[in-house]
Amino acid sequence: MENFNGTDLKDKYLSFFESKGHKIIPSAPVVPENDPSVLFNTAGMQPLIPYLMGEAHPYGTRLVDYQKCIRTNDLDSVGDATHHTFFEMLGNWSLGDYFKEESISYSFEFLTKVLNIPVERLAVTVYEGDESIPRDEVSASVWKKLGIKDERIAYLSAEHNFWIAGETGPCGGDTEIFYFRSNDPIPEVFDPEDERWVEIWNNVFMEFYKDENGKVTELPKKNVDTGMGYERVVAVLEGVNDNYQTSVWCDVIKKIEEISNLPYEGNETSMRIIADHLRTAVFISSDESMIKPSNTDQGYILRRLIRRAIRHAKKLNIDINSNWEQEIAKVIISKYTKYYSEIEKNQSIALEVLTNEKIKFNRTLEKGLKEFEKVVASNVEEIDATTAFKLYDTYGFPIELTVELATEKNIKVDENGFKAKFKEHQEKSRAGSEQKFKGGLAGNGEVETKYHTATHLLNAALKVVVNKDVHQKGSNITSERMRFDFSCDHKLTDEEKQRTEELVNKWIQEGIDVTVTEMSKEEAIKSGAECMFIEKYPDIVTVYSVGDISKELCGGPHVKNTSELGTFKIKKEEASSAGVRRIKAVLE
Ligand code: SER
């Protein structure tokens with residue numbers, strides 16, 4: 001759209017929905033707090049799932065936010081004009097409050113009155129229905145009433161207009177809003193296949209729940225979940241086809257041009273990769289969970305992103321030893337401090353993470369590249385597993401980087417062979433396989449291990465002191481403290497806190513053995529083992545027991561005997577969210 005500038009879109013969005021009675025909720029961390037099964041939040045609605053399922057939200061029934069999201073499934077596509085690993089999603093929600101009519105009217109008003117988009121540029125899709133859900137005439141008639149013509153409404157199947165995050169969870173039919181982004185004359189009839197029409201907003205009417213068996217039941221309340229991808233909408237409305245040329249990115253790209261002394265044109269791929277990956281790395285390392293580069297889970301993604309950015313900086317002949325990564329990151333940081341307090345607060349941590357990882361990779365990068373060139377020079381068609389593993393293990397090349405380098409030379413990599421070697425290596429060190437289901441465990445050091453066992457004792461003690469129905473809702477451990485979230489409808493009394501503390505310490509003093517057994521998931525449940533997200537665990541699970549005090553499905557690791565823990569002290573007890581309390585505690 002002519003003269004549109006996306007820099008204040010977030011502010012406009014929040015204040016519009018605030019004026020419609022919505023409460024602004026802060027973005028949840030990118031690393032989900034209470035769900036060990038996914039590495040990152042991938043959609044605006046993800047942190048709200050419990051509330052979409054019926055739990056009362058402490059801020060009420062009308063919510064609005066922008067949510068940090070990370071999607072790494074198409075990390076390899078980054079480098080083109082539209083893919084990003086990090087993006088922000090603007091969303092507004094009704095939790096059993098308004099439904100289709102208001103939701104659609106709000107969206108329409110925001111687009112046409114606040115953003116001043118001409119109605120002629122808009123078209124919509126609605127759900128055509130199936131054997132059990134009727135065609136969505138309600139949404140269609142609201143659109144018509146607002147001035148969207150019949151020819152601009154397309155009825156589509158579940159593939160397009162039924163939304164669910166993954167396989168199970170809250171879901172429902174949706175209506176999607178499209179914008180005609182070309183300068184061509186606008187066709188009367190909307191053709192959703194015509195790429196000049198770009199989707200800008202998705203309003204999901206979440207009234208169902210789909211379980212693991214595919215069974216769909218009604219949710220206790222009818223909700224609305226809308227999502228608008230910030231980067232995409234800014235690009236569309238600013239009228240550019242390349243997201244990296246919008247107000248969101250232009251300063252960052254300019255900085256990279258300056259540092260590399262090269263123009264964007266002709267160097268787009270590497271510049272986009274550097275910009276995108278450094279931004280995501282800044283967000284991951286500033287997140288509350290304080291992820292550091294490592295060889296597992298989120299830490300591995302962070303490592304991959306930084307190392308890939310370094311490799312592309314090298315391609316642009318940037319002097320790797322200069323302060324390039326911090327200079328670029330500072331431009332990124334300055335764009336987000338207004339919107340994310342953690343970016344402001346943790347900026348020096350993020351800069352340090354980038355530089356430390358650079359130094360680490362830099363030590364072996366040259367040698368690794370030489371090794372790689374040597375193999376390529378020998379005219380092989382495929383990099384064998386041993387070489388790929390050596391590049392990983394000795395030179396710190398994430399396998400994906402080796403694949404990327406090889407693809408550039410038109411050769412393949414024996415990825416399956418690499419995986420087998422990797423697994424063998426992991427089993428030897430046993431660390432990796434235990435990592436996957438480690439819940440809120442942030443590290444694997446000795447201190448963290450003690451805290452991990454302490455969470456099991458605390459969980460058990462709360463059941464005795466407070467109520468047998470207390471369940472773990474989340475946990476987070478650093479080498480300094482543990483945090484434990486649990487379901488409970490009241491603030492703990494001083495007496496309850498004291499008795500909990502005493503009971504945990506009594507168990508520590510008794511020196512009880514911690515044992516681990518493997519069993520099928522079914523058997524584990526039957527045996528009464530405690531577990532947070534049963535459906536997320538593999539078929540064969542490990543169960544940790546502390547004498548007959550506690551039994552939990554858990555990936556470990558744990559201490560061998562409770563006597564190793566020291567003295568347990570509750571530092572704080574506070575509300576976490578509705579019906580969930582949070583304890584911060586230390587071992588002294
Ligand atoms: N959950 C929907 C989406 O991600 C709307 O927010 O598109």
Side-chain angles (χ1 to χ4, degrees), residues 9-10 13-14 16-17 20 22-28 30 32 35 38-54 57 61-74 82-100 102-104 106-108 110-111 124-127 133 136 139 156-179 192 197-210 216 219 221-236:
L9 180 63
K10 287 195 284 245
Y13 185 82
L14 294 186
F16 174 79
F17 280 98
K20 304 288 181 195
H22 292 63
K23 288 273 179 317
I24 300 173
I25 54 169
S27 172
V30 273
D35 185 351
V38 285
L39 295 181
F40 297 109
N41 256 320
T42 57
M45 53 76 76
Q46 215 160 306
L48 292 169
I49 290 178
Y51 310 105
L52 292 163
M53 302 279 293
H57 193 285
T61 56
R62 292 178 175 223
L63 311 173
V64 61
D65 76 358
Y66 46 88
Q67 171 64 44
K68 311 184 269 189
C69 303
I70 291 182
R71 287 186 191 172
T72 51
N73 50 344
D74 46 22
T82 54
H83 281 89
H84 308 296
T85 47
F86 169 92
F87 64 97
E88 294 172 278
M89 205 177 241
L90 307 175
N92 62 278
W93 287 271
S94 152
L95 302 173
D97 191 316
Y98 58 83
F99 205 45
K100 295 179 179 176
E102 291 94 324
S103 168
I104 291 173
Y106 291 155
S107 294
F108 186 80
F110 181 70
L111 294 172
V124 301
T125 59
V126 295
Y127 186 36
I133 304 168
D136 191 2
S139 294
L156 299 182
S157 67
E159 193 197 328
H160 302 280
N161 284 71
F162 192 88
W163 202 91
I164 182 162
E167 300 296 320
T168 61
C171 53
D174 64 24
T175 178
E176 298 186 359
I177 309 172
F178 287 70
Y179 173 84
W197 290 100
V198 189
E199 187 218 322
I200 54 171
W201 205 343
N202 184 11
N203 296 24
V204 185
F205 304 116
M206 264 177 187
E207 40 183 335
F208 304 108
Y209 177 79
K210 191 171 174 190
V216 175
L219 284 173
K221 288 178 192 149
K222 289 183 192 309
N223 310 299
V224 176
D225 151 40
T226 89
M228 188 194 256
Y230 174 69
E231 279 75 4
R232 161 147 19 141
V233 170
V234 171
V236 167

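Indexing begins at 1, ligand by ligand and atom by atom, following the structure's order. What you see is a predicted model, and the numbers here were worked out from it, not measured in a lab.
In terms of protein heavy-atom proximity, atom 7 (O) of ligand 1 is nearest to Asn202 ND2, 3.2 Å. Scanning the protein for heavy atoms near atom 4 (O) of ligand 1, the closest one is Trp163 CZ2, 3.1 Å. The protein heavy-atom contact nearest to atom 6 (O) of ligand 1 is Asp225 OD1, 2.8 Å.
The neighbour count for Lys10 NZ, taken as heavy atoms of other residues, nucleotides or ligands under 6.0 Å away, is above 12.
Between Lys100 and Asp136 a salt bridge is recorded (basic side-chain N to carboxylate O distance below 4.0 Å).
Aromatic pair Tyr127/Phe162: centroids less than 6.0 angstrom apart.
Trp201 and Thr226 form a side-chain donor-acceptor contact under 3.5 Å, judged by distance and modelled atom types alone.
Every heavy atom of Met228 sits 4.0 Å or more from the atoms of ligand 1.
Relative ring orientation between Tyr98 and His22 is described as tilted, the plane-to-plane angle lying within the 30° to 60° band.
Under 4.0 angstrom from ligand 1, there are no non-hydrogen atoms of Asn203.
The ring-ring contact (aromatic ring centres under 6.0 Å, His included) test applied to Phe16 returns Phe110, not counting sequence neighbours.
In summary, the atoms of ligand 1 found under 4.0 Å from a heavy atom of Met89, numbered by their order in the structure, are 4 (O). Proximity to Met45 (heavy-atom distance under 4.0 Å) selects the following atoms of ligand 1: 1 (N). Counting the atoms of ligand 1 from 1 in the order shown, those under 4.0 Å from a heavy atom of Gly227 are 5 (C), 6 (O).
A cation-pi arrangement, defined by a distance under 6.0 Å to the six-membered ring centre and an angle within 45 degrees of its axis, is absent between Lys20 and Tyr106.
Of the polar atoms of Met206, none of the N or O atoms is found under 3.5 Å from an N or O of ligand 1, judged by distance alone.
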